[in-house]
Amino acid sequence: MPGMGLTAIGLAGLTLSYAGIAHTFIDGMHALTGLTMFVGLIFLAAGILDGGVSTSNRAKATTLVILSISLGFGMYAMIMNTSNYTITLAGILMAIAFPAIIISYLYMKHPEVAKPIGAIVSMAAATGIIMWVSFGVFSAPDTYMIPQQVGVDEPAEDLTPSGPTFAIEILLDSATEGNPDYNPDRAIVTQGDMIEWTNADTLPHTVTSSADVGDTFDSGMIGAGEVYTLDTNDLEIGEYEYFCLVHPQMVASIVIEAAAEPIKVSIPEGSAVPGCEETDECYLPFETSVNVGTTIVWSNDDTAAHTVTSGLAAEGGDGMFDSSLFAADDTFEFTFNDAGTFDYYCVVHSWMTGIVNVE
């Protein structure tokens with residue numbers, strides 16, 4: 001009975017692992033469940049074979065029940081698994097199990113030939129496993145025991161934030177139950193912004209999506225003073241609850257909202273002729289107020305070519321943005337990711353000026 005209990009626990013753990021249900025912190029338990037299963041099998045085999053193999057109907061029924069449970073879990077794990085190494089593991093287990101069955105049978109029925117035949121079968125199984133692993137690692141054209149290395153050098157991933165940053169703080173002493181944990185506790189973020197969690201506590205924490213235990217996003221361990229950044233371009237519109245794997249009582253949420261529609265600014269007809277600056281109508285509207293993360297689209301509704309160049313004409317611009325010349329009916333757009341007041345003008349017609357206020 002102890003053997004059956006340990007085996008069942010181990011099989012349940014392996015099934016969760018192979019089915020892709022368990023992730024992140026729970027992965028550390030997978031090796032333990034496998035070890036538990038094998039220890040359970042040893043106890044189970046010792047119990048079944050104690051005093052010889054029983055041939056009673058009760059023993060046969062018990063054996064069939066155990067085999068049915070094992071095969072059921074095994075088939076489920078094979079069908080539903082997401083691991084690339086399940087077939088390899090199954091082959092190694094069979095290479096160990098079959099010789100063990102043969103040797104046990106010989107010791108029971110023909111003990112005089114058990115040692116020589118057992119030695120031959122054991123050496124054959126060991127040789128097969130060693131050759132299989134060695135061929136896969138060192139000789140196979142398509143390696144199956146180690147990840148295949150791609151020979152083409154790929155450009156390094158650009159980790160530069162692509163949008164404004166929304167800051168969330170993991171508060172000091174947040175590991176103590178009842179204390180405030182994340183600030184803000186419910187963050188409303190525009191899709192496309194970067195969310196940055198800073199661990200202001202002295203203990204390590206995680207930022208892990210609750211619904212799928214880390215499939216949507218998972219920071220891993222964030223040490224004291226460390227930062228985790230999440231690109232919301234990868235998230236759908238909606239609300240996401242998250243928690244700390246180490247301290248599950250720490251729970252908060254982020255709400256991803258759709259980005260605001262671009263703000264339109266027109267370059268009206270006649271802007272190329274001096275005089276529009278007297279009424280601030282060279283760009284319409286002359287002054288535009290937006291929030292951080294908003295995109296402004298300038299459309300050239302004039303017949304002449306113009307530019308939208310940041311800075312002041314007297315200073316030659318500041319290099320923040322520059323449309324270059326764009327013709328009639330063309331557009332230029334720019335996303336403002338920093339707060340401040342930004343002047344701009346037309347390089348060709350320096351009297352044309354405008355202002356963007358970003359809050």
Side-chain angles (χ1 to χ4, degrees), residues 158-168 184 186-196 229-239 254-359:
D158 184 9
L159 299 179
T160 304
S162 59
T165 298
F166 189 100
I168 299 177
R186 186 174 186 266
I188 300 177
V189 185
T190 302
Q191 189 178 45
D193 291 0
M194 309 296 289
I195 306 178
E196 186 176 271
T229 302
L230 176 67
D231 188 349
T232 60
N233 283 304
D234 301 329
L235 300 179
E236 300 291 337
I237 303 299
E239 185 164 359
I254 54 175
V255 179
I256 306 301
E257 292 186 338
E261 290 293 322
I263 301 298
K264 295 182 179 179
V265 175
S266 171
I267 302 177
E269 186 174 354
S271 298
V273 179
C276 62
E277 73 278 8
E278 296 177 2
T279 56
D280 290 333
E281 293 180 348
C282 299
Y283 295 97
L284 292 177
F286 165 73
E287 186 170 357
T288 308
S289 297
V290 298
N291 292 327
V292 169
T294 302
T295 298
I296 296 182
V297 178
W298 286 267
S299 60
N300 188 355
D301 301 320
D302 195 12
T303 55
H306 294 281
T307 78
V308 176
T309 304
S310 61
L312 298 173
E315 299 173 358
D318 58 18
M320 181 177 175
F321 58 86
D322 183 18
S323 66
S324 300
L325 277 175
F326 62 107
D329 298 326
D330 284 347
T331 60
F332 167 70
E333 65 180 54
F334 182 78
T335 301
F336 290 85
N337 293 327
D338 298 303
T341 299
F342 304 95
D343 297 290
Y344 64 92
Y345 67 102
C346 174
V347 171
V348 184
H349 313 99
S350 57
W351 58 86
M352 294 176 57
T353 59
I355 298 175
V356 176
N357 295 312
V358 184
E359 299 176 356

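Residue indices begin at 1 and follow the sequence shown. Computed over heavy atoms, backbone and side chain alike; hydrogens, waters and symmetry mates excluded. In this text, all values refer to a predicted model and were calculated from it rather than measured experimentally.
Atoms OG and NE2, from S271 and H349 in turn, are 9.0 Å apart once rounded to the nearest 0.5 Å. Taking CG from D322 and CE from M320, the interatomic distance works out to 12.5 Å, rounded to the nearest 0.5 Å. The CD1 atom of I195 sits 8.0 Å away from the CG atom of D193 when rounded to the nearest 0.5 Å. Atom CG of residue L325 and atom OG1 of residue T309 lie 8.5 Å apart, to the nearest 0.5 angstrom. For the atom pair N291 CG and T190 OG1, the distance stands at 8.5 Å (nearest 0.5 Å). Once rounded to the nearest 0.5 Å, the distance linking CH2 of W351 with CD of E278 reads 12.0 Å.
Within a 6.0 Å radius of CG in D329, other residues, nucleotides and ligands contribute 12 heavy atoms or fewer.
In plain terms, the two heavy atoms of Y345 and G316 that are nearest each other are OH-C, 3.4 Å. The minimum heavy-atom distance between V265 and T288, with the atom names listed, is CG2-OG1, 3.7 Å. Nearest heavy-atom pair across N337 and V292 is O-CG1, 3.4 Å. Minimum interatomic distance between E269 and D302 (heavy atoms only, all atoms of both residues): CA-OD1, 3.4 Å. F336 and I296 get closest at one heavy-atom pair: CE1-CD1, 3.7 Å.
Looking at Q191 and L235, their side chains never come closer than 4.5 Å, going by heavy atoms from C-beta outward. Using a 4.5 Å heavy-atom cutoff, the side chains of I254 and I168 are in contact. Annotation: side chain of T341 is in contact with side chain of I355 (closest heavy-atom distance under 4.5 Å). The side-chain heavy atoms of D301 and P268, taken from C-beta on, include no pair separated by under 4.5 Å.
Looking only at distances, a side-chain donor or acceptor of T232 sits under 3.5 Å from a matching main-chain atom of G192. The main-chain N or O of L284 is never found under 3.5 Å from a side-chain atom of S266 such that the two would form a donor-acceptor pair. Remark: side-chain polar atoms of N300 are paired, donor with acceptor, to backbone N or O of A327 under 3.5 angstrom.
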Would you please test T353 and D343 for side chain to side chain contact (heavy atoms under 4.5 Å, CB included) and show each step? CA-CA 7 Å; T353 59; D343 297 290; over 6 Å; no

Side chain to side chain contact (heavy atoms under 4.5 Å, CB included) between E287 and N357: does it pass, once the steps are laid out? CA-CA 7 Å; E287 186 170 357; N357 295 312; 2.4 Å; yes

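Cysteines C282 and C276 place their SG atoms closer than 2.5 Å to one another.
The six-membered or imidazole ring of Y283 lies near that of Y344, with a centre-to-centre distance under 6.0 Å.
With sequence neighbours excluded, the residues satisfying side chain to side chain contact (heavy atoms under 4.5 Å, CB included) with S323 are T307, V308, F326, F332. Under the side chain to side chain contact (heavy atoms under 4.5 Å, CB included) criterion, S350 pairs with A313, sequence neighbours left out.
In the model, S310 has a side-chain atom that pairs as donor or acceptor with a side-chain atom of D318 under 3.5 Å.
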